[in-house]
Amino acid sequence: MSHNNLSVLRATLRLYIAGDTPAARRALESRLKIQEFAGGIEIETVDILVHPEEAEKAGILATPTLSDESATPPRRLVGDISNIDQVLDYFGYYKKDGGHDHS
Amino acid sequence: MTTADVTLIDPVLDRVKTGIEAFDDLVMGGLPRGRTTIVGGTPGSGKTVFATQFLAHGITVLDEPGVFVTFEESPADIEVNMASFGWDIRRWRETNKLVFVDASPRDHDQMIVGKFDLAGLLTRILHAARNAAARRIVLDSITQLFDHFVGEQTSVRRELMRIATALKREGLTVLMTAERNSEYGEISRHRIEEFVADNVVILRNALDRERRRRTIEVLKMRGSRHVEGEVPITLVVEQGIVAVPLSSLRLEQQSSTKRVTSGNSELDRMCGGGFFRDSVTLVSGATGTGKTLLVTNFLAGGVAAGERALLVDYEESRGQLFRNARGWGVDFGAMESDGRLKMVCIYPEAQNLPDHLLMIRELVEEFKPDRIAIDSLSALERIAPETGFREFLISLTSFIKKREIAGLCTATDKSLVGGQSASEQHISTLTDSIILLRYIQERHLMNRGIMVLKMRGSEHDKQIRRFTIDGTGMHLGEPFDGAPDVFGDPAAGSSAA
């Protein structure tokens with residue numbers, strides 16, 4: 001596992017969902033897994049049905065969207081976020097040469 | 001759910017005016033309320049203008065706020081680009097009459113994995129609609145939305161359908177623009193119209209005989225009648241899109257029995273007492289037969305009778321017109337400085353046909369003439385596609401009659417001796433009266449002949465009269481002996497005599 005590579009990282013991602021849908025539930029489940037796996041990553045959840053102005057501000061069209069607003073330019077992963085490797089790699093937190101045995 | 005059912009059952013559709021008058025006529029009063037209309041067009045065909053005008057009319061005239069969902073230009077760009085049409089978008093935004101959903105491309109990286117929905121977009125639209133208490137929604141253009149999710153066409157299609165349904169359930173009238181690749185091909189690039197639209201409207205900006213011809217066409221209106229075919233449109237500063245109305249829709253001009261002078265008392269007698277107040281007379285003849293003189297008389301006669309006269313000339317410059325008139329003892333300069341005469345000289349090529357029509361209409365609204373002369377229709381025909389010219393004539397003649405103005409138009413025969421020009425064929429059925437000017441050969445002399453061929457609703461002199469032109473104008477003489485053939489070859493006519 002690659003806990004060591006991630007322990008120094010502190011990051012906040014945002015997960016945009018739209019109400020209580022099967023896709024939203026799956027995304028929330030994945031969110032927990034990601035946080036569990038990579039301790040340094042904080043993921044805020046924004047339900048845009050409750051906070052539509054947040055969707056407007058961030059320019060969200062699709063849900064679910066996992067977004068890193070601190071990156072330049074912002075990075076967005078749309079759709080299925082259950083593949084943790086893929087998620088961490090996309091947001092730049094997974095060092096391929098460091099880790100080896102994950103999934 | 002129940003509200004959706006009710007709107008589906010309701011047979012009488014409430015209409016939403018677009019603010020483009022002649023277009024609203026085409027669709028029986030406006031777009032059906034609570035339905036989705038696709039406006040398709042190639043780049044530069046005026047889709048965004050149409051969409052913005054739809055919102056503008058709601059906001060400024062009917063107190064119906066709107067939401068503008070932009071996938072292409074930023075709201076700031078739209079504000080600037082639409083300002084020339086006289087739309088104060090900034091103020092509408094400040095007063096919450098218009099709310100933007102900015103879905104224009106932003107700088108960000110995006111990766112799509114697996115399934116997604118566009119709940120984000122729908123939520124933003126509904127949120128904006130609630131904020132503004134909107135009745136009208138524009139999505140411009142959905143082609144860009146497809147491009148934003150390249151490779152996910154099926155999902156976008158499904159989601160767009162869902163959005164359309166949700167907005168319909170809210171009773172909102174939706175206008176979506178869609179890009180087309182060609183003027184006469186499939187309706188839109190992603191065949192969106194097939195699954196999402198109740199109504200389809202096409203804007204065209206086609207090249208026709210090396211000129212741009214803008215038109216609008218209603219292709220489909222679900223559960224409602226509409227007028228078929230392309231209607232010319234033009235983009236006007238401070239107004240937006242103006243459709244040029246086809247008068248075939250309303251042919252209910254009242255006919256007046258009041259007579260006005262043609263400017264020549266002898267010709268008045270031939271016509272049974274002058275032209276009718278709300279009629280259009282065509283003067284047709286070869287070059288040099290005296291058409292310009294008849295026009296000059298017509299204007300001067302009107303001014304002398306205390307009327308206001310307007311001349312739109314496509315043939316000659318002001319200088320030439322002044323000189324011609326002076327040669328016949330008419331002082332245009334004095335009439336103009338008295339404010340009784342207005343002369344507008346313009347090259348036909350300066351603008352396209354709908355713009356000419358619009359210009360004439362604006363001149364009439366402004367100057368409020370009692371009579372108008374147009375010299376000549378043949379010059380205008382040069383720049384016109386065939387279908388366009390007929391439409392132009394219909395609109396022009398019906399406009400003149402509706403305003404109860406006496407109109408005089410000229411047409412130049414292509415051949416020097418008789419025959420028919422194309423414009424003559426077009427216009428002869430549309431004008432109330434026709435006066436022919438002809439060269440007529442008698443033995444070794446070429447004379448001028450004038451005849452009144454048609455005078456709607458009145459008796460008239462059916463003789464072919466000789467006439468001469470000198471420094472004081474036109475003088476009618478005796479009828480020709482025998483029967484010269486004014487429609488054909490003058491040689492044949494003389495041999496019959």
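Chain letters run A, B, ... following the sequence lines, proteins first and then strands; every chain starts at 1.
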Distance in Å, [X] [atom1] paired with [Y] [atom2], rounded so as to fall on 0.5 Å steps:
X: A/Glu54; Y: B/His127; atom1: CD; atom2: NE2; result: 10.0 Å
X: B/Leu121; Y: A/Leu61; atom1: CG; atom2: CG; result: 5.5 Å
X: B/Ile112; Y: A/Thr65; atom1: CD1; atom2: OG1; result: 9.0 Å

* With sequence neighbours excluded, residues passing ring-ring contact (aromatic ring centres under 6.0 Å, His included) with A/Tyr16 ->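 For A/Tyr16 there are no ring-ring contact (aromatic ring centres under 6.0 Å, His included) partners, ignoring immediate neighbours.
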* Asked: Which bit of A/Ala27 comes within less than 4.5 Å of chain B, counting heavy atoms only: side chain, backbone, both or neither?
  ->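 Contact with chain B is absent: no heavy atom of A/Ala27 under 4.5 Å.
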* Tell me, side chain or backbone of A/Ala23 under 4.5 Å from chain B's heavy atoms, or both, or neither? ->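 Neither part.
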* Please state whether the side chain, the backbone, both or neither of B/Leu122 comes within less than 4.5 Å of a heavy atom of chain A. =>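 For B/Leu122, neither part sits under 4.5 Å from chain A.
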* Asked: With chain B, which of A/Ala18, A/Ala62, A/Ser82 has the greatest number of heavy-atom pairs at distances under 4.5 Å?
  ->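 Option with the top pair count is A/Ala62.
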* Asked: Listed by residue number, which members of residues 66-80 of chain A have a heavy atom under 4.5 Å from any heavy atom of chain B?
  ->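 The residues closer than 4.5 Å to chain B, in numerical order, are A/Pro73, A/Pro74, A/Arg75, A/Arg76, A/Leu77, A/Val78, A/Gly79, A/Asp80.
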* To do: Indicate yes or no: at least one non-hydrogen side-chain atom of A/Tyr90 is less than 4.5 angstrom from one of B/Asp109.
  =>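 Counting from C-beta outward, A/Tyr90 and B/Asp109 do come under 4.5 Å.
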* **Heavy-atom closest pair, residues B/Thr123 and A/Ile48** =>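 The answer is CG2-O, 3.4 Å.
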* Search all heavy atoms of B/Met111 against all heavy atoms of A/Gln86 and return the closest pair with its distance. =>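 Scanning both residues completely, I find the closest heavy atoms to be CE-CG, 4.1 Å.
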* Asked: Are any side-chain N or O atoms of A/Glu56 and backbone N or O atoms of B/Asp102, one a donor and one an acceptor, separated by less than 3.5 Å?
  ->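 Answer holds: yes.
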* Answer yes or no: are there more than 12 heavy-atom neighbours, outside B/Arg90 itself, under 6.0 Å from its atom CZ? =>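 Result for CZ/B/Arg90: open.
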